[in-house]
Amino acid sequence: MAVVNKMEKITIYKPDELNQINDLIHDCFFDIDRITVNNNTFILYFTRYLESRKKPVNRWFFFKQYEIPGLECILEIHEVKSYSIKDTQKVQFYDLNELAFDQATNMVKIRTEIPLSIEIEVLSLKISVVITDKIISSKKVWGF
């Protein structure tokens with residue numbers, strides 16, 4: 001898994017670099033209502049929870065409750081020619097599984113566990129992920 005520092009940006013240009021992006025977005029969640037396209041850039045905001053920043057907040061016998069911050073992150077797919085979103089489930093919040101790129105059609109596909117079809121046709125491959133230091137949520141978990 002990729003190590004994240006404050007305000008990090010990763011940009012890829014080749015299909016064999018997609019794993020760098022997939023490592024960052026896998027198991028993160030996004031709000032479909034926050035997808036925008038601006039100046040031929042497809043923009044998807046998602047939340048990434050950082051286990052490395054968890055803080056203990058409560059104790060109960062041998063157990064500890066931890067709070068894990070959720071950072072705002074931005075997936076940018078550049079040089080968009082066209083795109084389609086088919087949202088049959090209408091659940092609003094979806095998980096990110098991976099990005100796939102078909103070189104024959106120049107199509108980027110965003111894959112999720114919950115059925116959702118997002119396809120972006122691009123002129124060439126350029127994908128960025130920006131990990132901000134802006135905490136937009138947190139979750140609590142129990143552990144030892």
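Judged by distance alone, the side chain of D95 and the main-chain N or O of C28 form no donor-acceptor pair under 3.5 Å. Checking side-chain atoms of R48 against main-chain N and O of L24 turns up a donor-acceptor pair under 3.5 Å. Remark: side-chain polar atoms of N39 are not paired, donor with acceptor, to backbone N or O of T41 under 3.5 angstrom.
Of all the heavy atoms in H78 and V122, the pair that sits closest is O-CG1, 3.6 Å. Scanning both residues, F30 and F46, for their nearest heavy atoms gives CB-CB, 3.9 Å. Closest non-hydrogen pair, I135 versus P69, comes out as CD1-CB, 3.9 Å. The minimum heavy-atom distance between P115 and Y94, with the atom names listed, is O-CE2, 3.9 Å. The two residues L99 and N22 make their nearest non-hydrogen contact at N-OD1, 2.7 Å.
A 4.5 Å side-chain heavy-atom check between I85 and I35 finds at least one atom pair inside the cut-off. Contact check for W142 versus W60: side-chain heavy atoms found under the 4.5 Å cut-off.
Neither side chain, N40 nor E79, offers a donor N or O lying under 3.5 Å from an acceptor on the other. Side-chain contact, N106 with E121: no donor N or O sits under 3.5 Å from an acceptor N or O.
Rounded to the nearest 0.5 angstrom, Y13 OH and E17 CD are separated by 9.0 Å.
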Requested in this report: Dump the intermediate steps for side chain to side chain contact (heavy atoms under 4.5 Å, CB included) on I127 and T11, then the final yes or no.
Outcome: CA-CA 6 Å; I127 300 173; T11 302; over 6 Å; no

Query raised in the report: V91 and I32: side chain to side chain contact (heavy atoms under 4.5 Å, CB included), yes or no, with the steps?
Result: CA-CA 9 Å; V91 296; I32 196 166; over 6 Å; no

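Each of I136 and I68 belongs to its own hydrophobic cluster when Ile, Leu, Val, Met, Phe, Trp and Tyr are linked at side-chain heavy-atom distances under 4.5 angstrom. In the hydrophobic clustering of this structure, I25 groups with L50; members are Ile, Leu, Val, Met, Phe, Trp, Tyr whose side-chain heavy atoms approach within less than 4.5 Å, directly or through other members. Residues V37 and L75 share a hydrophobic cluster, clusters being chains of Ile/Leu/Val/Met/Phe/Trp/Tyr side chains in contact below 4.5 Å. L44 is not connected to F93 by any chain of hydrophobic side-chain contacts under 4.5 Å among Ile, Leu, Val, Met, Phe, Trp and Tyr, and they are in different clusters. I114 and F29 fall into different hydrophobic clusters, defined by Ile, Leu, Val, Met, Phe, Trp and Tyr side-chain heavy atoms under 4.5 Å apart, directly or through other members.
A cation-pi contact links K139 to Y49, judged by a cut-off of 6.0 Å to the six-membered ring centre and 45° from its axis.
Taking the charged nitrogens against the carboxylate oxygens, R111 and E98 do have a contact shorter than 4.0 Å, which makes a salt bridge.
The neighbour count for Y66 OH, taken as heavy atoms of other residues, nucleotides or ligands under 6.0 Å away, is above 12.
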